[in-house]
Amino acid sequence: MTRARRIGGNWVESVDPNSGKVYYANMETKETSWTMPEEVKKMQTAQKPRPSAAKAVDKWLERTDPKSGRKYYYNPKLKQTSWTKPQENDVVGGGNDAGKGHWVARHDPRTNRQYFYNQVTK
């Protein structure tokens, strides 16, 4: 089972085991949301990011799908998941990173799962 991660106030971030999508839950009110609550966005904007924390959001995190037991990867900055680990430099950004990555979400009708395809590396 995926552990919930505290993100501010009474809110936690977790991954839905059926869809693999990130969702947010308020531990006090029991409210849930597929989009980050405005309250949390404001708190995160108000906090001055540390240089090491800013780098961490560009990282792909390894998670385990509780249903299949398979490893998958999640990027909290991009809010994307992938069954295969993308290269760290595949994170699309500005400056020197411009043009790298080009990940596109696709749907496999045979397995009914979402996967990611890199248009550059194919």
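We count residues from 1, following the sequence as given.
A distance of 7.0 Å separates CD of Gln80 from CG of Asn75, quoted to the nearest 0.5 Å. Rounding to the nearest 0.5 angstrom, the gap separating the OH atom in Tyr72 from the CD atom in Glu62 is 10.5 Å.
Contact check for Val40 versus Tyr24: no side-chain heavy atoms found under the 4.5 Å cut-off.
In this structure, Tyr73 and Thr84 approach most closely via the heavy-atom pair CD1-C, 3.6 Å. The two residues Trp11 and Glu39 come nearest to each other via the heavy atoms NE1-OE1, 3.2 Å. Across every non-hydrogen atom of Pro17 and Asp65, the tightest pair is O-OD1, 3.5 Å. A pairwise comparison of heavy atoms in Val15 and Tyr23 identifies C-CE2, 3.8 Å as the closest pair. Looking at every heavy atom in both residues, Thr35 comes nearest to Ser33 through O-OG, 2.7 Å. The two atoms that bring Asp16 and Trp34 nearest to each other are CB-CH2, 3.9 Å, heavy atoms only.
Hydrophobic clustering (side-chain heavy atoms under 4.5 Å, transitive across Ile, Leu, Val, Met, Phe, Trp, Tyr) keeps Val12 apart from Met36.
Summarising the local packing, CZ of Arg70 is surrounded by more than 12 heavy atoms from other residues, nucleotides or ligands at distances under 6.0 Å.
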